[in-house]
Amino acid sequence: MEEDLTGTIDVNDKDKTRTFEIKWKWEFETGSTEEEIIKNNLMDSEDVQNIRDYIFTIHVSGEQIKL
């Protein structure tokens with residue numbers, strides 16, 4: 001993703017923001033035994049019904065450069 005998350009915002013740019021859609025894959029079938037997989041799948045199914053908001057911490061750094 002680093003290639004997509006780098007770039008320059010020009011001083012004259014009216015829009016000083018960049019928006020990126022970040023997706024992740026929620027793995028089902030986690031566990032090392034059949035019993036663990038069944039238990040974890042039940043927990044995953046319950047979580048997906050109860051969790052509506054996800055919070056991510058994203059760290060961004062920038063620097064002013066002279067071109």
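Because the structure is a prediction, the values reported are computed rather than measured.
- Legend: residues meeting side-chain hydrogen bond (donor to acceptor under 3.5 Å, both in side chains) with T17, ordered by chain and number and at least two apart, are D15.
- Using a 4.5 Å cut-off between side-chain heavy atoms of Ile, Leu, Val, Met, Phe, Trp and Tyr, I38 falls into a hydrophobic cluster with L42.
- Evaluation of the side-chain hydrogen bond (donor to acceptor under 3.5 Å, both in side chains) rule for T19 yields no partner, not counting sequence neighbours.
- Partners of N50 according to the side-chain hydrogen bond (donor to acceptor under 3.5 Å, both in side chains) rule, which considers only residues two or more places apart in sequence or in another chain, do not exist here.
- Atom-to-atom distance recorded for D44:CG and K39:NZ is 12.0 Å, nearest 0.5 angstrom.
- Within the structure, salt bridge (Lys or Arg N to Asp or Glu O under 4.0 Å) contacts touching residues 5-14 (residues at least two apart or in different chains) are D13-R18.
- Scanning both residues, T30 and N40, for their nearest heavy atoms gives O-ND2, 2.9 Å.
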